[in-house]
Amino acid sequence: MESLSRASITNPGTLSPTSSSASYFLFPRRFRRSNGFSSFSGNLRRIVSRGRVRAEIEKPNAREIDFSDPEWRIKYQKDFERRFNIPHITDVFPDAKPIPSTFCLRMRTPVSEDFAGGYPSDEEWHGYINNNDRVLLKTINFASPNSAGAVCIDPDCTWVEQWVHRAGPREKIYFKPEEVKAAIVTCGGLCPGLNDVIRQVVITLEIYGVKSIVGIPFGYRGFSNSDLSEMPLSRKVVQNIHLSGGSLLGVSRGGPSVSDIVDRMQEKGINMIFVLGGNGTHAGANAIHEECRKRKLKVAVVGVPKTIDNDILLMDKTFGFDTAVEEAQRAINSAYIEAHSAYHGVGIVKLMGRHSGFIAMHASLASGQIDICLIPEVPFQLHGPHGVLTHLKYLIETKGSAVVCVAEGAGQNLLQKTNATDASGNMVLGDIGVHIQQETKKYFREIGVHADVKYIDPTYMIRACRANASDGILCAVLGQNAVHGAFAGYSGITVGICNTHYVYFPIPEVIAYPRPVDPNSRMWHRCLTSTGQPDFI
Ligand SMILES: Nc1ncnc2c1ncn2[C@@H]1O[C@H](COP(=O)(O)OP(=O)(O)O)[C@@H](O)[C@H]1O
Ligand SMILES: O=P(O)(O)OC[C@H]1O[C@](O)(COP(=O)(O)O)[C@@H](O)[C@@H]1O
Ligand SMILES: [Mg+2]
């Protein structure tokens, strides 16, 4: 099978160091891991003053910013508005005429059982949102770059309003429901909540009156394998799917080229596609959107970010993350009980997080049972006087037991590189959990101290769970908003939650690089306060 060609994502240039009070540097090399994204480098910066990290500098815009220009703030805002503008069908079809929305809130029960004729309604008001509604992206006005967790644009941390588009149903729509053939595809790894999103997309499409809804089996691969046929979807089919984990449609990595996908879409007459997946899937979705524009096809491509790793930029969180953190508690608690009940017990739990340690950080904080939390963003040594193993010895001597939580992408510099990639082009990581387990056993054997080491890897058990209540709600809102976005005529967008409000983002802005845990953030500080761990460098 031909491998999917990589979309090129705009690389947002560099920020010019214009202030004498601060110097700028890029995040160290470890933040520039290759995951197949051409643009994942050099976007995160920090202000350093007298060797100390003060604030994190925001991703700059495409042009260099000259902070000595009195107009820089206005210019930045204008550029921000341009970057976060969401692509619309009328960009390519200026003559496209909108029609009044068929989405309605108050409905009468349809006469037939199939719901596909849409729901009759007598009501005039349906809770539409205005196209010009906006949501504030950043809500803290940092008074100083020294304020903990400060994220700044300039060295003085000037307040700059950044507005993004509010999600929701619009009064006017750009697709006639009877002319829509909608498809849903789920790509990448599993994540709790996929079925919840599929369900809401289908239900909402039916409310608009769409009759033709299909699921593409096994991710983008479903577009190329002739033995995989599309799955007809309706409210009846999806009614109970959220009661189990996984994806009704199946998932996969790799697949056909973007041009082949769009060929298949044309053959099948698909003009609305909902793409559920992580940063790789979204890169694909954006490339599909671009290809449709190039071919002058009136197609809406809308993403719903899916990743338990929570590594999509600018969002409060992605669906499935809460469930993953909650489910991780069971593994951590087991590790704690094992360690606590053994003489000199050491429990080690590995959690997912290829580039980002969000699950490990939140699960450690939530459990209150973790002594050492190791994440990809914070380097550590195992050996030596400041290493993890020396601290484990100290914990065993003082507390009698210890529990370690490690994210799968942590400490990769300590392992032999495999240089292998999966079908999607993601680096295959070395197993840091097994490595720490082996090194811990070896270390205590060598120093002649008894240690009872137990290792738990619950990663696939966590991923296969059904969504918890809070993720269930998030999935429902995101699924509904994805459909509203498509009908409103937007394409190349994705949905997200931002300061508890729901928004549309242009895809490239949220996948420019995998969102990392900021070691300068309050949340990481809180995690350190909870574990009481020292630096391991
Ligand atoms: N840069 C890219 N351009 C186009 N498609 C991509 C790109 N990166 C990944 N994909 C495709 O997206 C799908 C999912 O990607 P993957 O990285 O495995 O998962 P995720 O979307 O969860 O990050 C795969 O079918 C893969 O081939
Ligand atoms: O074994 P698989 O299916 O490749 O999945 C492993 C990966 O899945 C993840 O949980 C999520 O990855 P995606 O967001 O790409 O689906 C990663 O943390 C992990 O490396
Ligand atoms: Mg990914």
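Residues: numbered from 1 along the sequence shown. Scope of the values below: all heavy atoms of this structure, side chains included, with no hydrogens, waters or symmetry mates. In listed order, ligands and their atoms are each counted from 1.
Against a heavy-atom cut-off of under 4.0 Å, Asn279 is close to the following atoms of ligand 1: 21 (O), 23 (O). Within ligand 2, counting atoms from 1 as listed, the ones closer than 4.0 Å to a heavy atom of Glu408 are 17 (C), 18 (O), 19 (C), 20 (O). Per-residue contacts place Gly278 under 4.0 angstrom from the following atoms of ligand 1 (heavy atoms of the residue considered): 20 (P), 21 (O), 22 (O), 23 (O). Interface of Thr307 with ligand 2, defined as ligand atoms under 4.0 Å from a residue heavy atom, comprises 14 (O). With ligand atoms numbered from 1 in the order given, ligand 1 contributes 3 (N), 4 (C), 5 (N) to contacts under 4.0 Å with heavy atoms of Gly284. Per-residue contacts place Gly280 under 4.0 angstrom from the following atoms of ligand 1 (heavy atoms of the residue considered): 5 (N), 6 (C), 7 (C), 8 (N), 9 (C), 10 (N), 11 (C), 12 (O), 15 (O), 17 (O), 20 (P), 21 (O), 23 (O).
Using a 4.0 Å cut-off between charged nitrogen and carboxylate oxygen, Glu230 and Lys268 count as a salt-bridge pair. Of the charged side-chain nitrogens involved, none lies within less than 4.0 Å of a carboxylate oxygen, so that Glu290 and Arg293 do not count as a salt-bridged pair. We find that Lys350 and Asp431 are joined by a salt bridge, their nearest charged nitrogen and carboxylate oxygen being less than 4.0 Å apart. Taking the charged nitrogens against the carboxylate oxygens, Asp196 and Arg199 have no contact shorter than 4.0 Å, which rules out a salt bridge. A salt bridge does not link Asp311 with Arg354: none of the charged nitrogens is closer than 4.0 Å to a carboxylate oxygen. One finds no salt bridge joining Asp309 and Arg515 here, because no Lys/Arg side-chain nitrogen approaches an Asp/Glu carboxylate oxygen to under 4.0 Å.
Under the 4.0 angstrom criterion for non-hydrogen atoms, Gly254 is in contact with ligand 1. Put simply, part of Lys306 is less than 4.0 Å from ligand 1, judged by heavy atoms. Note on ligand 2: Gly280 sits outside its first shell, no heavy atom being nearer than 4.0 Å. At least one heavy atom of Asn426 lies less than 4.0 angstrom from ligand 1.
The list of ring-ring contact (aromatic ring centres under 6.0 Å, His included) pairs with a residue in residues 267-305, not counting sequence neighbours, is empty.
Considering backbone and side-chain N/O atoms, Tyr460 comes within less than 3.5 Å of an N/O atom of ligand 2. The shortest N or O to N or O distance between Tyr220 and ligand 1 is not under 3.5 Å. Considering backbone and side-chain atoms together, His282 places no N or O closer than 3.5 Å to any N or O of ligand 1. In terms of polar-atom proximity, Ile308 is not counted as a contact of ligand 2, lacking any N or O under 3.5 Å from an N or O of the ligand.
A donor-acceptor pair shorter than 3.5 Å cannot be found between the side chains of Thr531 and Asp371. Judged by distance alone, the side chains of Glu439 and His383 do bring a donor and an acceptor atom under 3.5 Å apart.
In this structure, atom 4 (O) of ligand 2 lies nearest to the protein heavy atom Arg253 NE, 3.1 Å. The closest protein non-hydrogen atom to atom 11 (C) of ligand 2 is Asp309 OD2, 3.7 Å.
The salt bridge (Lys or Arg N to Asp or Glu O under 4.0 Å) check on Lys441 picks up nothing, with sequence neighbours excluded.
Coordination check, Asn279 versus the Mg ion (ligand 3): passed, since an N/O/S atom of the residue sits under 2.8 Å.
Ring pair His88/Tyr174: centre-to-centre distance below 6.0 Å.
Evaluated by nearest non-hydrogen atom to atom 8 (O) of ligand 2, the leading choice among Arg354, Met352, Arg463 is Arg463. The option from Gly189, Gly320, Ala423 that lies nearest to atom 16 (O) of ligand 2, judged by heavy atoms, is Gly189.
In this structure the side chain of Val404 never reaches within 4.5 angstrom of the side chain of Ile370, judged on heavy atoms.
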